[in-house]
Amino acid sequence: MRAIVVDDSAPGRVRLADVPEPVAAPHEALVRVSAVSVNPGDLGEIDRAPAGLVVGWEAAGVVEREAADGSGPARGTRVTTFSASGGWAELRAAPTEWLAPVPDGVELTDAATLPVSAGSALRAVREVGPVLGRRLLVTGATGAVGAHAVQLGALAGAEVVAVTRDPGQAGRLRRLGATEVVDRPSAATSRVDGVIDNVGGDVLVDAFGMLHDNGVLVSVGRAARRDAVLGPDLLLGEWGRTRRDIRTFLLLHADRRLDRDLAVLAGWVADGRLRTSVGRVEDLAGGVELIAVREWTGKLVLRVS
């Protein structure tokens with residue numbers, strides 16, 4: 001089968017190669033892949049993975065052979081899948097606890113983007129705690145995780161404050177459910193009860209300073225690639241700013257099963273409650289060229305078969 005693999009001698013350490021088909025474990029379904037999504041975490045994996053590894057966290061396609069242990073969907077079912085590697089290929093063996101059926105009417109190019117970005121956003125909103133009637137601030141709101149967090153926070157009943165440096169994105173973010181759009185956390189009109197931070201660095205520090213009593217900041221992403229330095233005054237407990245938490249985030253920490261959450265998210269895409277944000281679609285060969293130089297804007301999806 002064709003797959004994108006790590007190769008020390010190739011530009012960007014990636015190339016398109018012919019490799020053996022995967023052998024599925026009893027708890028895994030063999031999926032004929034139609035589309036794969038490219039995440040920042042995949043790019044980090046390319047930098048440190050051993051040569052020969054088939055890269056790719058998330059992919060969508062059709063079950064070619066159902067899991068031998070009887071778990072998961074039947075042959076012919078359209079699915080979205082997640083695993084630590086192996087996604088950027090014509091076939092992938094995916095654990096059934098990390099895949100879910102995709103309803104008719106949902107494009108597989110859209111479904112391929114759900115596990116990491118939408119899944120992270122859903123679980124980050126839960127980590128903040130009850131948000132009904134409360135204020136939720138989302139940094140990096142135009143990114144894949146951020147845009148889903150804006151929508152899911154609004155669906156959960158929050159008053160969502162979206163942070164973006166691009167004023168041209170304000171209309172889009174309001175259509176996704178934001179009630180307030182600002183260029184930095186401290187520009188919000190009032191304090192917030194929770195933060196989903198996708199940027200890190202000074203933005204995380206600024207967002208932490210906006211938390212109310214008992215507020216929770218969930219650190220999901222570190223796009224800024226800068227240290228977050230919290231000065232002593234910011235950590236001082238005072239009326240209105242006590243018992244504030246910063247929490248690290250791991251997609252599979254709270255619940256190792258993803259199948260139920262993925263099924264819910266795919267259903268919300270099908271009925272229009274959740275919008276995906278695919279920015280660019282390429283074939284595998286074109287994707288390799290882009291990944292090698294890491295130059296594109298928006299969410300990149302690769303069509304496989």
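Computation of the quantities below employed the complete heavy-atom set of this structure, encompassing side-chain atoms and omitting hydrogens, waters and symmetry-equivalent molecules.
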Asker: Could you walk me through whether Leu252 and Leu258 satisfy the side-chain contact (heavy atoms from CB on, under 4.5 Å) test, starting with their C-alpha distance in whole Å, then the side-chain angles of each, then the deciding distance to 0.1 Å, before giving a yes or no?
Answerer: CA-CA 8 Å; Leu252 298 175; Leu258 273 176; 3.7 Å; yes
Asker: If hydrophobic clusters are built by linking Ile, Leu, Val, Met, Phe, Trp and Tyr wherever their side-chain heavy atoms come under 4.5 Å apart, do Ile246 and Val220 end up in the same one?
Answerer: no
Asker: Taking Glu159 first and then Arg135, would you say they form a salt bridge - that is, a charged N and a carboxylate O separated by under 4.0 Å?
Answerer: yes
Asker: Please determine whether a side-chain nitrogen of the Lys or Arg among Arg15 and Asp7 lies less than 4.0 Å from a carboxylate oxygen of the Asp or Glu.
Answerer: yes
Asker: I'd like to know if the side chain of Ser219 pairs up with that of Asp197 as donor and acceptor (distance under 3.5 Å, no hydrogens or angles considered).
Answerer: no
Asker: So, Arg2 and Asp283, do they make that salt bridge, N to O below 4.0 Å?
Answerer: no
Asker: Does the Glu282 side chain pair with the main chain of Leu300, one donor and one acceptor, at a distance under 3.5 Å?
Answerer: no
Asker: Just by modelled atom types, is the Gly168 backbone N or O under 3.5 Å from a matching donor or acceptor in the Asp166 side chain?
Answerer: yes
Asker: Would you say Asp69 and Ser71 are linked by a side-chain donor-acceptor pair, where the criterion is simply a distance under 3.5 Å?
Answerer: yes
Asker: Can we say Arg294 and Asp47 salt-bridge, meaning some charged N sits less than 4.0 Å from an Asp/Glu carboxylate O?
Answerer: yes
Asker: Let me know which of Asn39, Thr109, Thr113 forms a side chain to side chain donor-acceptor pair (under 3.5 Å) with Lys299.
Answerer: Asn39
Asker: Count the heavy atoms belonging to other residues, nucleotides or ligands that lie under 6.0 Å from CG of Asn214, then report whether that count exceeds 12.
Answerer: yes
Asker: With no hydrogens and no angle check, is any side-chain donor or acceptor of Arg13 less than 3.5 Å from a backbone partner on Ala49?
Answerer: yes
Asker: Mark yes or no for whether Arg78, through its side chain, and Pro103, through its backbone, hold a donor-acceptor pair below 3.5 Å.
Answerer: yes
Asker: Between Asp206 and Thr139, is any pair of side-chain heavy atoms under 4.5 Å apart?
Answerer: no
Asker: Are Asp183 and Pro167 close enough that some pair of their side-chain heavy atoms sits under 4.5 Å apart?
Answerer: no
Asker: Glu127 and side chain to side chain contact (heavy atoms under 4.5 Å, CB included): which single residue from Ile196, Val218, Asp245 fits?
Answerer: Val218
Asker: Is Val278 reachable from Val79 through a run of I, L, V, M, F, W or Y residues, each pair having side-chain heavy atoms under 4.5 Å apart?
Answerer: no
Asker: Quick check against the 3.5 Å criterion: does Asp42 have a side-chain atom that pairs as donor or acceptor with the backbone of Trp57?
Answerer: yes
Asker: Tell me whether Arg92 contacts the main-chain N or O of Ser85 through its side chain, where contact means a donor paired with an acceptor under 3.5 Å.
Answerer: yes
Asker: Using a 3.5 Å distance criterion without hydrogens, assess whether the side chain of Thr81 forms a donor-acceptor pair with backbone atoms of Ala59.
Answerer: yes
Asker: Is Val36 reachable from Leu91 through a run of hydrophobic residues whose side-chain heavy atoms are each under 4.5 Å from the next?
Answerer: no
Asker: Check for a donor-acceptor pair, side chain of Arg65 on one end and backbone N or O of Leu30 on the other, with a separation under 3.5 Å.
Answerer: no
Asker: Inspect the surroundings of CD in Glu107 and state if more than 12 heavy atoms from other residues, nucleotides or ligands are less than 6.0 Å away.
Answerer: no
Asker: Using modelled atom types only, decide if a donor and an acceptor are shared between the side chain of Asp213 and the backbone of Arg241 within a distance under 3.5 Å.
Answerer: yes
